[in-house]
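The structure under discussion appears below in the form of structure tokens.
Whatever order the structure lists them in is the order used to number ligands and atoms, beginning at 1.
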Amino acid sequence: MSLETISQHRSFGGTQGFYRHDSAETGTPMRFSVFVPEGEGPFPVLWFLAGLTCTEENFTTKAGAQRVAAELELILVAPDTSPRGEGVADDPAYDFGMGAGFYVDATQAPWAPHFRMRSYIERELPAVIAAGFPADMARQSITGHSMGGHGALTIALRNPDRFRSVSAFAPIASPMRCPWGEKALAGYLGEDQAKWRDYDATALIENGARVADILVDQGEADNFIASQLKPELLETACAAAGIPLTLRRQPGYDHSYYFIASFVEDHLRWHHKRLTEAA
Ligand SMILES: N[C@@H](CCC(=O)N[C@@H](CSC=O)C(=O)NCC(=O)O)C(=O)O
């Protein structure tokens, strides 16, 4: 497994790097970013999964998370949101195809050969991080935004032993019940909705998946809140399951990285507390 360094930048005493490797899961080169704090490590790892249209760069360059990650001695990992390149299927719409992998393993043509973002995030990239960075893989947490906030929820719910904590910024609560998700799940997985439930956070909770607690920030001025995100569906599922959900509705904030940058420190501190408590 060879890891290519695209660029490295000193940041708050640590190193912000951009990397590329050949992914066996997606069959394409994949890029990701890693912030490593100053020092020897090993450091706990916080994963950030980005939303529609994003690459590994959006969170890395816009969220301003490096200062607090340096202080708390956290590694930050931000993967790309889909396979890309010649020969990879795509769609002209922004919410499907490249930049919109939805963190699923596609089963349908023409997506199935490359769109394997679930296995990439759950299995392949963690091994790359463990081999190439001073990461304490026994201490991992996950967060994300919108499509990626939902990805973080589903991956944490399916892997409760891997992640100490999960949070999200303006996540899609239930892709089975919103236009972005209906389109993506039908396209990647086919029309049988029973197969969608493994990729729907509220359905996973209804089916018995559990995490210790969840932090969600949601802007009240977010254009997507009523049509796509529907935080009330997550609220209802968590209440019924007895999962403590801290859902903070933030007045005046929209769906952008200005919103994420405003609350990212809270999320890093929330995860750090859980990553440093005795297991
Ligand atoms: N272009 C689209 C909106 C795309 C958008 O808002 N993408 C968000 C994530 S949305 C959910 O997954 C994003 O993070 N964009 C990148 C950024 O840096 O802001 C439209 O026209 O509606």
Side-chain angles (χ1 to χ4, degrees), residues 16 18 31-33 35 46-66 76-84 90-104 106 111 115 117-118 120-121 142-156 166-189 196 199-202 214-234 247 249-250 252-264 267:
Q16 177 62 63
F18 291 86
R31 291 176 179 235
F32 59 92
S33 89
F35 172 77
L46 178 62
W47 295 79
F48 182 94
L49 304 186
L52 293 166
T53 73
C54 290
T55 69
E56 72 286 358
E57 290 192 346
N58 298 70
F59 173 76
T60 309
T61 60
K62 291 182 170 183
Q66 289 89 350
L76 302 175
V77 180
D80 199 353
T81 57
S82 78
R84 300 177 193 273
D90 198 12
D91 185 275
Y94 77 91
D95 56 0
F96 195 42
M98 289 189 210
F102 267 84
Y103 306 99
V104 309
W111 313 104
F115 280 73
M117 290 303 290
R118 172 184 179 170
Y120 179 68
I121 301 292
I142 190 164
T143 185
H145 174 225
S146 196
M147 172 186 76
H150 179 263
L153 291 169
T154 55
I155 289 171
V166 58
S167 75
F169 298 85
I172 299 169
S174 177
M176 296 178 71
R177 287 177 282 179
C178 76
W180 279 342
E182 287 164 5
K183 176 179 179 181
L185 296 179
Y188 296 140
L189 303 177
W196 299 7
Y199 293 105
D200 185 294
T202 59
I214 302 173
L215 171 63
V216 169
D217 272 303
Q218 173 62 61
E220 286 188 336
D222 186 325
N223 285 340
F224 299 121
I225 189 169
S227 58
Q228 305 280 7
L229 307 176
K230 308 186 183 185
E232 65 282 359
L233 298 177
L234 184 64
L247 172 58
R249 294 176 183 270
Q250 305 288 4
Y253 286 89
D254 62 18
H255 199 63
S256 71
Y257 272 81
Y258 295 108
F259 155 68
I260 295 173
S262 302
F263 300 105
V264 74
H267 285 243

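A heavy-atom cutoff of 4.0 Å around ligand 1 is satisfied by the protein residues Gly51, Leu52, Thr53, Cys54, Asn58, Lys62, Tyr94, His145, Ser146, Met147, Trp180, Phe224, His255, Tyr257.
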Show which side-chain atoms of residues 167-174 pair as donor or acceptor with protein atoms under 3.5 Å away, not counting sequence neighbours.
{"from": "Ser167", "atom 1": "OG", "to": "Thr143", "atom 2": "OG1", "distance (Å)": "2.8"}
{"from": "Ser167", "atom 1": "OG", "to": "His267", "atom 2": "ND1", "distance (Å)": "2.8"}
{"from": "Ser167", "atom 1": "OG", "to": "His271", "atom 2": "NE2", "distance (Å)": "2.8"}
{"from": "Ser174", "atom 1": "OG", "to": "Arg177", "atom 2": "NE", "distance (Å)": "3.1"}
{"from": "Ser174", "atom 1": "OG", "to": "Asp200", "atom 2": "OD1", "distance (Å)": "3.3"}
{"from": "Ser174", "atom 1": "OG", "to": "Asp200", "atom 2": "OD2", "distance (Å)": "2.8"}
{"from": "Ser174", "atom 1": "OG", "to": "Thr202", "atom 2": "OG1", "distance (Å)": "3.3"}

Give the table of side-chain donor-acceptor pairs shorter than 3.5 Å for residues 256-264, with sequence neighbours excluded, one pair per line with atom names and distance.
{"from": "Ser256", "atom 1": "OG", "to": "Asp254", "atom 2": "OD1", "distance (Å)": "2.7"}
{"from": "Ser256", "atom 1": "OG", "to": "Tyr258", "atom 2": "N", "distance (Å)": "3.1"}
{"from": "Ser262", "atom 1": "OG", "to": "Tyr258", "atom 2": "O", "distance (Å)": "2.7"}

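Centroid-to-centroid, the aromatic rings of Phe96 and Trp111 come within less than 6.0 Å.
Proximity of Phe18 to Glu56: side-chain heavy atoms (C-beta onward) are separated by under 4.5 Å at one or more points.
Judged as a salt bridge (Lys or Arg N to Asp or Glu O under 4.0 Å), and not counting sequence neighbours, Lys230 has no contacts.
One side chain, Trp180 or Tyr94, offers a donor N or O that lies under 3.5 Å from an acceptor on the other.
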